[in-house]
A.B. asks: 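Got a structure for you, questions after.
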Amino acid sequence: MSHDASATWSGFNYQGKVALYHTLTFINQKLDEDMNFEFSGYELILENHEDFDIKGPDGFISFHQVKAINDSAFNRYEDALFAMLLQLDSPDNASVIGYLHTWKDLKWRPKVNFDQKLRDILKKVIDNHNDDPDKSDICKTFIKSTGDKKTVKILKQAKEKDKRLVDIDSTQLIFTQAYESTDDECVVNRVKQYDYDGSLACGIDVIDAKVKNAITNLNIVHGNPLDGDDESLDKIFCALLAKLDENVILKHSESSVLNKNPIPFVEIIDIVTDQRIRDSSDTYLASRFKLKFIDAFENYLSDEDLCPADIAESYSNNESNLNPVMRILLRSSANELWSHYLKLNPHIAMDTSNTMDKAIDININDLRQYLFLIFSEISEQIFIHDDKKQRVFYQNGKEKYLPTTIGDLTNKYLVTEIMKNSHAIPSLFEMTAMVTGYKHANEIESFSEEYSKITDINVRDSYDGEPPEEGEKINQIYGDIRLIKLSTAIEEINDA
């Protein structure tokens, strides 16, 4: 079954870090057993059967489903587990182990073993068919239809891969056999919760440390101890994430879905132990920025005060307003994401060579507080991505709304900072409104009004080098553009 993790995947996010942690842990365990272990033929494959797979010289070893959901309720994970059970029950995967990785410890009542909960998932499908064979999920699997519920969609995907699922009777029989089997290698015994050193969950606040610890251990084994060199450790960490990120971007740019683009273990080991990585700077800076950006987004998803659980769940299921815009941003390279970020921050000057470094720690809270909120609440139907200008915005008729990280700023300060910022002019040109998620913001009806009150800024002097040719557009832009609250933007769009 081809797994689509497009809603959440980037090499820098939780899934990528979990993939690295498991791969590095696997490598360290093999080296502990045999210092001369040969890793030729071992590969990490992203977005294949599950979020990531591990393959050895003789075939697949394990499939890994990573659920970045801020929820402990078992039923939130049943669809993912159901899909994994179907994959592992296929004769092609009879020796493969499946793992579920979660942010939170799973909870359920009554307290029974995990394998029994897996059997219950299968039993629901069996009972659903026995109760009404003509309208069951199994029956619908073999009928052309649209708007199917998740269980039916998963069954239809499985049918395309598992040649045993030829009709209703054969499918019912396979489910019954899987449910009743007590063999040690039966499918319910091959799906497990991933064990993080005694814990069956790993929060987003601790996964970085676990990956870095695995990096440290691998360097010790190779005789290249980092000896408390945090900057070198951070560079290796970002280089590994960038390797995964490049792989994800390449996979989504490939015309053929058959190209798995595996990452050999030997390449991962080379990055961890390459002394030159510790001295790198340019690529590291861009990677560190993307890491911080995605960390901010994942923290937004896990903060129920900012992002309700149903929105986080919808995002995970690829069904929310967040999906189209975050898909664009997460699949952008680190340098491309930086270019997008500039457009979303017209009030922050980032025009010198060291501004990317400063931006890593600036304005991150405003991403969580305002920008992601805008993305989640404005309908994806009007979302536009201008690839040439690397800009995302919303359009309704002739009105163009630019989502921003602008928060609680006074009018004068806001206009002053925008006028100081050389990239603001081309970023805002053709926009009719900037949108803020700040609920109590005062709307600025006319930037020119505010600008006329400022006497200590000469626009032409605020640029490094020659001012842009479209400098004469300043009066037009700041005479027309508005800063409006998210609620106002939604109201205008809905009333149009």
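These numbers were taken from a predicted model, which means no experiment stands behind them.
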A.B. asks: In terms of relative ring orientation, are F26 and Y42 parallel, tilted or perpendicular, with 30° and 60° separating the classes?
C.D. replies: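 Ring orientation, 0 to 90° scale: tilted.
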
A.B. asks: Side chains of N130 and Q172: is there a donor and an acceptor less than 3.5 Å apart?
C.D. replies: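 Checked: N130/Q172 side chains pair up, N/O donor to acceptor below 3.5 Å.
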
A.B. asks: Ignoring hydrogens and geometry, is there a side-chain-to-backbone donor-acceptor pair from D71 to A73 under 3.5 Å?
C.D. replies: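 Here the side-chain-to-backbone pair exists.
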
A.B. asks: Pairing donors with acceptors under 3.5 angstrom, does anything connect the side chains of K343 and S339?
C.D. replies: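 There is such a pair (donor and acceptor under 3.5 Å, judged by atom type) between the side chains of K343 and S339.
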
A.B. asks: Tell me, please, which residues at least two apart from S320 pass side chain to side chain contact (heavy atoms under 4.5 Å, CB included).
C.D. replies: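 With sequence neighbours excluded, S320 shows a side chain to side chain contact (heavy atoms under 4.5 Å, CB included) to S314, Y315, L322, N323, given in chain and number order.
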
A.B. asks: Hydrogens and angles aside, do N28 and N217 bring a side-chain donor and acceptor to less than 3.5 Å of each other?
C.D. replies: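 There is no such pair (donor and acceptor under 3.5 Å, judged by atom type) between the side chains of N28 and N217.
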
A.B. asks: Pair K192, S62 - check side chain to side chain donor-acceptor pair (under 3.5 Å), show working.
C.D. replies: CA-CA 11 Å; K192 306 176 184 297; S62 58; over 6 Å; no

A.B. asks: Donor-acceptor pair, E43 side chain versus I45 backbone, under 3.5 Å?
C.D. replies: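 Not at all, since once roles are kept as given, no pair shorter than 3.5 Å links the two residues.
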
A.B. asks: Does K210 make a cation-pi contact with Y196, if we ask for NZ or CZ under 6.0 Å from the ring centre and within 45° of the axis?
C.D. replies: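 Not flagged: K210 not positioned over aromatic ring of Y196.
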
A.B. asks: Do H340 side-chain atoms and E336 backbone N/O form a donor-acceptor pair below 3.5 Å?
C.D. replies: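 Yes; judged by distance alone, with no hydrogens or angles, the pair exists.
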
A.B. asks: Determine the sole option in K17, R331, K251, K290 for which the salt bridge (charged side-chain N to carboxylate O under 4.0 Å, His left out) test with D245 is passed.
C.D. replies: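 Passing option: K290.
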
A.B. asks: Assess the residue pair H22 and Y194 against the criterion (ring-ring contact (aromatic ring centres under 6.0 Å, His included)); give the C-alpha distance rounded to whole Å, side-chain angles, the decisive distance to 0.1 Å, and a yes or no.
C.D. replies: CA-CA 10 Å; H22 174 74; Y194 195 85; 5.5 Å; yes

A.B. asks: What I want to check is whether the side chains of E185 and N189 have a donor and an acceptor closer together than 3.5 Å.
C.D. replies: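 No.
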
A.B. asks: Report the residues that fulfil side chain to side chain contact (heavy atoms under 4.5 Å, CB included) with E380, sequence neighbours left out, ordered by chain and then residue number.
C.D. replies: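 Expected list: N321, P324.
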
A.B. asks: Side chains of T216 and N213: is there a donor and an acceptor less than 3.5 Å apart?
C.D. replies: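 Absent: no donor and acceptor within the cut-off.
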
A.B. asks: Report the C-alpha separation of F375 and F297 in whole Å, then their side-chain angles, then the decisive distance to 0.1 Å, and conclude whether the ring-ring contact (aromatic ring centres under 6.0 Å, His included) test is met.
C.D. replies: CA-CA 11 Å; F375 290 156; F297 179 62; 8.6 Å; no

A.B. asks: Could you pull out all residues at least two apart from F63 that satisfy ring-ring contact (aromatic ring centres under 6.0 Å, His included)?
C.D. replies: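 In terms of ring-ring contact (aromatic ring centres under 6.0 Å, His included), with neighbours along the sequence ignored, F63 is linked to H49, F60.
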
A.B. asks: I want to check something: taking the side chain as every heavy atom from C-beta on, are L371 and D366 in contact at a cut-off of under 4.5 Å?
C.D. replies: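 Counting from C-beta outward, L371 and D366 never come under 4.5 Å.
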
